[in-house]
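Worksheet: the structure to be examined is printed underneath.
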There are 2 protein chains.
Amino acid sequence: MFSDPFSHLPRTACRTIEMQKGDVLFRQTQTTSGLYRVVSGCVTLQRTGLGGDTLTLHRALSGGLFAEASVFSETYHCDAICTAAGSVTKIAKVDVIVTMQYNSAFSEGFTRLLAVQVQQYRAHIELLAIPSAKERILAAVQAGYLDATVTELATRINLSHEACYRALRGLCDDGRLIRVGRGKYALP
Amino acid sequence: MFSDPFSHLPRTACRTIEMQKGDVLFRQTQTTSGLYRVVSGCVTLQRTGLGGDTLTLHRALSGGLFAEASVFSETYHCDAICTAAGSVTKIAKVDVIVTMQYNSAFSEGFTRLLAVQVQQYRAHIELLAIPSAKERILAAVQAGYLDATVTELATRINLSHEACYRALRGLCDDGRLIRVGRGKYALP
DNA sequence: GATTCTTTATGATCTGGATCATATGTTTTC
DNA sequence: GAAAACATATGATCCAGATCATAAAGAATC
């Protein structure tokens, strides 16, 4: 595993912000000032269309970054709203830009981090395209998605938890998965 | 719109490769030598698990890049198989690495390109999570997805074309979309 | 220009997953 | 330690989208 590229930044580059549900971190069209990492809680990125309808663009959870592209843009392209209380670390855009220019380890690390995310999102999109619940779950287990609760897995792959449990049982009946304990499954 | 960062590379960095269906561009565990852009045709990235099952990680179409992360890795993490005849441009890893270090316009452009892709994939994943066909299609039209055929739109958002057409009609009946022609729909 | 192929479009039927309902076991809260 | 909340798990029923079938229109090929 690779170290966090943001550790190359000056300590002053990172500022922790506490947030309550409903707090707005930034608004669309505001001048960009930084990117963020969620420490705890949840932040939803969304955009409001001309008709007033809200389009959700991302839900950033604990450990996840968001607004990376703001480094390259004058203004934010959406709103960031706290949807579960917690805290975020704001990483100052100025420091990111300067460090990118003068510290190649940071520059490379940041780019690598984005490239790996691209990989992961592409794979996830392919997985979501698998029509059958059973096959999708098997692929998800193979891809290492079952690292928390089964209900979280279900949500993550767009299934109800009932469908998820049933398919897990079906896969065990088929000998394609092994139930090693309550909520725990392994590949044979 | 931003220019292609790869235009900063020396001309010798890019090599066009013709491919037939079934051709292998690289194999998992092979030493990395470059990343690719699809000129025409289709390339599928896949990984074979211990059980012999194949997991599709990405389908790269015309204009799309793949194997960006190979720049940061010793070996390819999957196989790249041609699934529709055409050609790809192979971009030499060595040139990417060197240009990244000495040409900040390239470095920044490449990083931006990845950041924008992250944004787009995240938004796509949120869209795929919309349960109802009608709402998913409306969101897709709002997000600009209906830029080709309705059947392509349907596939892209994991719906059958029949469900897609029916939902489009429903949205028109509701006054939430306007049918401006055969296969053409606009927002009110 | 005729033929073939593809896209658009619709109706009927089927089905796999969603929803509803319930129970048990585990974890968290007080 | 008791109560509340949450995760795991299952059965029954429902339903929204998939599948099957068909037709018309438009694009591509010869």
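So that the names make sense, note that chain A is the first sequence line, chain B the second, and so on, each numbered from 1. Note that the structure is predicted; figures quoted are calculated from it, not measured.
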#### Entry: Closest-nucleotide 5' rank along DNA chain D - winner of B/L159 and A/T151
A/T151
## Note on the structure
For B/A167 and B/I137, the nearest pair of non-hydrogen atoms, with its separation, is CB-CD1, 3.3 Å
### Query
For B/E162 and D/dA16, what is the distance between atoms CD and P respectively, to the nearest whole Å?
18 Å
### Query
Whole Å only: how far is the CG atom of A/L146 from the P atom of D/dT8?
9 Å
### Message
Please tell me if B/Y185 has a side-chain N or O lying less than 4.0 Å from either OP1 or OP2 of C/dA9.
### Response
yes
#### Entry: Euclidean distance, atom NE2 of residue B/H161 to atom C1' of D/dA24 [Å, nearest integer]
13 Å
### Aromatic ring pairing A/Y36/A/F26, orientation class (parallel under 30°, perpendicular over 60°, tilted between)
tilted
### Summary
In whole angstroms, the gap separating P of C/dG25 from CZ of A/R182 amounts to 8 Å
### Query
Do the side-chain N or O atoms of A/Y165 get closer than 4.0 angstrom to the phosphate oxygens (OP1, OP2) of C/dA18?
no
### Parallel, tilted or perpendicular: rings of B/F106 and B/F110 (30°, 60°)
parallel
### Query
Roughly how many Å is it from CG in A/L168 to C1' in C/dG17, rounded to a whole number?
14 Å
### Query
In whole Å, what is the span from the CZ atom of B/R179 to the P atom of C/dT7?
17 Å
### Query
Within this structure, what is the CZ-to-P distance between A/R166 and C/dA18, rounded to whole angstrom?
9 Å
### Lys/Arg N to Asp/Glu carboxylate O, B/E68 vs A/R122, below 4.0 Å
yes
### Query
How long is the line joining CG of A/L171 and C1' of D/dA9, in whole Å?
16 Å
### Query
Would you say D/dA9 has OP1 or OP2 under 4.0 Å from some side-chain N or O of A/R169?
no
### Task
Would you mind classifying the nucleic acid contact of B/S160 as base, sugar-phosphate or nothing, using non-hydrogen atoms under 4.0 angstrom?
base
